[in-house]
Amino acid sequence: MLVLDGINERQKFEWWRSLIDCLVASPWCNSVAVLITCRDRYWQSTFGSLRYLSTSTYRLPSYSEEELTEALKANGINRSQLPSNLFSSELIQKPRYFDLVIKHQEKIGDVGKITVPRLIYEDGKDRLERKRNISITDDDFQQIFKDLAAKTLEKNQKKLKDREVEEILPFVSNKLEIFQELRTGGVLREKHGSYQVEDNFLTYGLGLLLVESLADAAETGEVNLEEAIAQWLEPNAGMDIKAEVCHFASLISLGDPELPQEVKITLLLAWVNSQNPRKDIDSDFIEYLPVDPEAYIGLAEKVWSDQTENPWAQELLMQAFISWRENEKVIEKLTPKLEEWLGFVNIWGFPRLRRDRGNPGNNYMDQNIAFIFQCAGQELYPGEAFTFNGHQFTVIDDDGLLRLGRVTLRIIYYLPRKPLLKAIATGAMAEAIMGCSLDYRDKYDLFQWIFASADDNLWNEIKLEVESLRTANNLIANRV
């Protein structure tokens, strides 16, 4: 028996046609049984019309529920380890996608669980890696998805003619093989003499286009990035897929180390702000955090600011940070930010004292600004940092960002305390610098709760911090 495995992934059609013609002729026809595996659509479009071939066909169906359970068990995976939407979408029951899920499980600790959009994204990359009969770069292959999506938008309908598909392939020499890959690989569905881009791949292509458009906007600086997203989405995508396009665009951008962080943050914000998002957006959003923790940290500083208030995004981010608290990559990026957030000092002073003591031009605010300048030893402006008694603080003028201190304490509750004692001390000193006293000690109560709930005895470490403040005879020792 001669096995020809995956002939749609190797060599050109003419090469296989020549080989098969040899095998069905004497002397091989009566001596060798040939087993061929390939896509059903590929066989039908290339060899199906050759009536002189005596063949028996077996179409490999999707896994049944029993087969899927057995296949998962054989790979040491429980259903509970995978998102429920993989099963409801039935993608995982297709052997090709099942194999991609198994491959992804090997790197789950670094990039999170597989999701439906991530499965489509990984499929797009995997197709190219498997094709030995197609010489095309990854960038060119992604360009095809973008051009298919753009052509669909241009037509304002989903149907494309052969000629229109061919028009998007001027930069490749092997148009026939690429077209064949798109037709037989499920990217294009043939219907009544025309083609439709499969929904998931259309959304993927639109996501690529949105990322490209936003990257261009960031480079030129001619328009605010949030406005750039709104301008791109409004004429191009129906309300029913806007959220999905932002979802794909966010995932694509997170995996691109060349993209500016501001692009990634803006796309994540657009995704969580989308109307009619999928019901599983919360789990997908959380799963992507380890791909680029810095983008999520940047998003946190947006959604907790006064300018961009989004309670739902705040809760999603909180869940994400807590869920990935044991991931080394996440903690490495998050830990210094926790200290920075606790070290935010509003130049106008403690918000409640400011409110209770009169209008913005009152004496209390002037006194607090003077005190901050005295601690820093110089005049400061929002955005500038200063060091005091070995602790670093950042001057801000956004009351919303002060809430990140509470966010930090909630995250610290789930983390070992000892490595974060300096951050907690910085937070206590920041409160004192802003004029917090015994009359407004709610944040201090949270500090005490953090110490009281610690698994380890922290007294010695706390004592050292207190003694450091007292012996330095500094300006805020009596306030802390």
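All values reported here derive from a predicted model rather than from experimental measurement.
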(Q) Tell me if the aromatic rings of Tyr296 and Tyr288 count as close, with their centers under 6.0 Å from one another. (A) no
Q: Could you label the plane-to-plane angle of the Phe201 and Phe145 rings as parallel, tilted or perpendicular, counting under 30° as parallel and over 60° as perpendicular?
A: parallel
(Q) A side-chain contact here means heavy atoms from C-beta on lying under 4.5 Å apart; do Trp232 and Leu214 qualify? (A) no
**Q.** Expected output: side-chain Ser305 to main-chain Lys302 donor-acceptor under 3.5 Å
**A.** yes
**Q.** Listed partners of Gln392 passing side chain to side chain donor-acceptor pair (under 3.5 Å), at least two apart
**A.** none
(Q) Counting neighbours of CD on Gln44 that are heavy atoms of other residues, nucleotides or ligands and sit closer than 6.0 Å, is the number greater than 12? (A) yes
(Q) Give me each pair satisfying side-chain hydrogen bond (donor to acceptor under 3.5 Å, both in side chains) with a member in residues 408-417, each pair once, sequence neighbours excluded. (A) Arg417-Ser453
Q. Can any side-chain N or O of Asn75 pair as donor or acceptor with the backbone N or O of Ile77 at less than 3.5 Å?
A. no
(Q) Does atom CH2 (Trp28) have a neighbourhood of more than 12 heavy atoms from anything else shown, all under 6.0 Å? (A) no
Q. Are any side-chain N or O atoms of Thr335 and backbone N or O atoms of Glu332, one a donor and one an acceptor, separated by less than 3.5 Å?
A. no
Q. So, the side chain of Glu244 versus the backbone of Ile241: is there a donor-acceptor pair under 3.5 Å, distance only?
A. no
Q. Does Lys329 reach the main-chain N or O of Pro290 with its side chain, forming a donor-acceptor pair under 3.5 Å?
A. yes
Q.
Would you compute the distance between atom CD1 of Ile396 and atom CG of Leu402 and round it to the nearest 0.5 angstrom?
A. 4.0 Å
Q. Does Tyr42 have its ring centroid less than 6.0 Å away from the ring centroid of Phe13?
A. no
Q.
Leu338 and side chain to side chain contact (heavy atoms under 4.5 Å, CB included): which single residue from Leu415, Leu409, Val407, Ile331 fits?
A. Leu415
Q: Would you check, one step at a time, whether the test side chain to side chain contact (heavy atoms under 4.5 Å, CB included) holds for Arg17 with Leu50?
A: CA-CA 10 Å; Arg17 172 69 183 270; Leu50 304 181; 3.7 Å; yes
**Q.** Residue pair Ile297, Trp341: steps toward the side chain to side chain contact (heavy atoms under 4.5 Å, CB included) verdict
**A.** CA-CA 11 Å; Ile297 290 168; Trp341 290 343; 3.8 Å; yes
Q: Can you sort out the partners of Thr37 under side chain to side chain contact (heavy atoms under 4.5 Å, CB included), two or more places apart, ordered by chain and number?
A: Asp5
Q: Check the surroundings of atom CD in Glu14: do more than 12 heavy atoms from other residues, nucleotides or ligands lie under 6.0 Å from it?
A: yes
Q.
Among residues at least two apart in sequence or on other chains, which ones pass side chain to side chain donor-acceptor pair (under 3.5 Å) with Thr426?
A. His391
Q: Spell out, as yes or no, whether a donor-acceptor pair under 3.5 Å connects the side chain of Trp324 to the backbone of Leu289.
A: no
**Q.** Under 3.5 Å donor-acceptor, Thr203 side chain and Asp199 backbone
**A.** yes
Q) What pairs meet the salt bridge (Lys or Arg N to Asp or Glu O under 4.0 Å) rule with one or both residues in residues 249-272, with sequence neighbours excluded? A) Lys264-Asp292
Q. Hey, is the main chain of Val187 close enough, under 3.5 Å, to the side chain of Glu198 for a donor-acceptor pair?
A. no
Q) Do Trp43 side-chain atoms and Asn8 backbone N/O form a donor-acceptor pair below 3.5 Å? A) no
Q: Measure from the side-chain N and O atoms of Arg403 to the backbone N and O of Gly400, and report whether any donor-acceptor pair falls under 3.5 Å.
A: yes
Q: Kindly write out the residues that satisfy side chain to side chain contact (heavy atoms under 4.5 Å, CB included) with Leu2, not counting sequence neighbours, or none if the list is empty.
A: Leu4, Leu23, Val32
**Q.** Sole candidate of Leu317, Leu316, Leu299 that passes side chain to side chain contact (heavy atoms under 4.5 Å, CB included) when paired with Leu268
**A.** Leu299
